[in-house]
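Throughout, protein chains are lettered first and strands after them, A, B, ... in sequence-line order, and every chain is numbered starting at 1.
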Protein chains: 2
Amino acid sequence: MAVSRVRQWTLDSAGGLCPQRLVLEHVTSRWGVLVLLALQERSFRFSELRREIGGVSEKMLTQTLQTLERDGMVHRDAKPVIPPRVDYSLTELGQEAAAQVRSLAEWTERRLPAVVRAREAYDESRAPGSSS
Amino acid sequence: MAVSRVRQWTLDSAGGLCPQRLVLEHVTSRWGVLVLLALQERSFRFSELRREIGGVSEKMLTQTLQTLERDGMVHRDAKPVIPPRVDYSLTELGQEAAAQVRSLAEWTERRLPAVVRAREAYDESRAPGSSS
DNA sequence: CGGTATCCAAAAGGATACTG
DNA sequence: CAGTATCCTTTTGGATACCG
């Protein structure tokens with residue numbers, strides 16, 4: 001399969017990220033993950049989504065939504081009313097992305113105990129005083 | 001299911017990332033993805049892995065490997081010989097992580113054409129001169 | 001060979017003020 | 001309400017030099 005060729009996933013000739021890597025970056029980015037998970041449930045208005053996620057600045061939410069919209073994952077529905085009302089939802093492509101991300105998120109959650117144990121073992125194995 | 005609670009995946013009380021989010025960050029990080037994909041094939045020595053991935057600095061490869069080792073994904077086997085020889089391979093947990101990441105990577109690759117089309121449509125719809 | 005330590009440039013990200 | 005524009009801080013990451 002094509003993905004087995006690791007070099008394909010590294011830098012492009014110009015020193016930037018390859019196209020597929022950019023998409024992966026967008027959907028797994030700090031806020032991208034949370035936007036996809038939230039919108040998978042239902043559509044949200046901008047401020048509503050901001051409250052739902054929590055801790056995200058206006059700037060970053062705007063940027064994340066625009067990136068995902070450009071990538072064809074998010075649909076933006078701006079109603080021409082005053083005050084402005086904009087609804088965000090997932091496209092077909094976005095639903096697929098959200099499903100992938102959710103799968104990864106659920107694996108992470110399932111295996112978190114194993115990771116925590118590994119960390120404790122790792123930290124203890126080189127803790128100061130362990131050999132005195 | 002637990003992951004549907006988006007708030008659980010956002011910031012912790014101290015303003016940092018929640019534990020599961022940190023793990024996800026590690027396995028989907030720029031070099032973490034490439035390390036997992038490479039080591040899924042076979043084990044590598046440090047310099048060998050560095051060449052295989054390409055474009056990664058010593059510092060970042062070291063950092064990535066240490067993070068993944070601490071998380072219990074990567075096994076580090078340092079042979080006490082001169083010159084030093086260190087082999088890296090995936091643990092059981094790491095193999096699971098690699099499988100998840102590969103699945104996401106393959107989806108990205110499959111759907112890249114749709115993303116590219118979406119981007120073109122997006123860019124063209126607000127290209128200067130489209131309304132003059 | 002396989003790292004560590006340090007320094008510095010670049011990029012990400014938050015706070016604030018302002019606009020349609 | 002839903003952004004945009006600007007500034008500034010924090011984080012990331014690469015280059016270099018050195019060590020076991």
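- Note: CD (A:Gln63) to C1' (C:dG14) measures 11 Å, nearest angstrom.
- Residue B:Glu92 places its CD atom among 12 or fewer non-hydrogen atoms of other residues, nucleotides or ligands, all under 6.0 Å distant.
- You can see that DNA chain D meets the heavy atoms of chain B within a 4.0 Å-exclusive cut from D:dG13 to D:dG20, reading 5' to 3'.
- Residues B:Leu49 and B:Met60 fall within the same hydrophobic cluster, defined by Ile, Leu, Val, Met, Phe, Trp and Tyr side chains chained together at heavy-atom separations under 4.5 Å.
- Between the CG atom of A:Leu22 and the P atom of C:dA11 there is a distance of 14 Å, rounded to whole Å.
- The distance from atom CG of B:Asp87 to atom P of C:dG3 is 11 Å, rounded to the nearest whole Å.
- A distance of 11.0 Å separates CD of B:Glu25 from OG1 of A:Thr108, quoted to the nearest 0.5 Å.
- Interatomic distance, OH of B:Tyr122 versus CD of A:Gln66, reported as 5.0 Å (0.5 Å rounding).
- B:Leu61 has its CG atom 11 Å from the C1' atom of C:dG3, to the nearest Å.
- Atom CZ of B:Arg85 is separated from atom P of C:dC1 by 12 Å (rounded to the nearest Å).
- Between B:Leu112 atom CG and A:Leu24 atom CG the span is 11.0 Å, to the nearest 0.5 Å.
- In the set C:dC1, C:dG14, C:dG2, the nucleotide with an atom closest to the side chain of A:Arg30 is C:dG14.
- For the side chain to side chain donor-acceptor pair (under 3.5 Å) test with B:His26, the passing option among B:Thr64, B:Thr67, B:Asp71 is B:Asp71; the others fail.
- A:Phe44 carries A:Arg42 over the face of its six-membered ring, with the cationic atom under 6.0 Å from the centre and within 45° of the normal.
- Within residues 69-81 of chain B, no residue places a heavy atom under 4.0 Å from DNA chain D.
- In terms of position along DNA chain D, the nucleotide closest to A:Pro83 lies nearer the 5' end than the nucleotide closest to the other residue of the pair A:Pro83 and A:Thr62.
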Inset, instruction - Let me have a per-nucleotide readout for nucleotides 15-20 of chain C, 5' to 3', with B, S or -, counting only protein heavy atoms under 4.0 Å. - result: B----B

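- The nearest pair of heavy atoms linking A:Met73 to A:Leu93 is SD-O, 4.1 Å.
- Taking CG from B:Leu68 and OG from B:Ser29, the interatomic distance works out to 6.5 Å, rounded to the nearest 0.5 Å.
- Phosphate proximity of C:dT4 to B:Gln66: present, with a side-chain N or O under 4.0 Å from OP1 or OP2.
- Atom CD in B:Glu48 sits roughly 13 Å away from atom P in C:dG3 (whole-Å rounding).
- Residue B:Gln40 comes nearest to B:Gln95 through the heavy atom pair NE2-O, 4.5 Å, listed as atom of the first residue, atom of the second, then distance.
- In this structure, CZ of B:Phe44 is placed 17 Å from P of C:dC1, rounded to the nearest angstrom.
- Exactly one residue among B:Val101, B:Leu61, B:Leu90 makes a side-chain contact (heavy atoms from CB on, under 4.5 Å) with B:Val35. That residue is B:Leu61.
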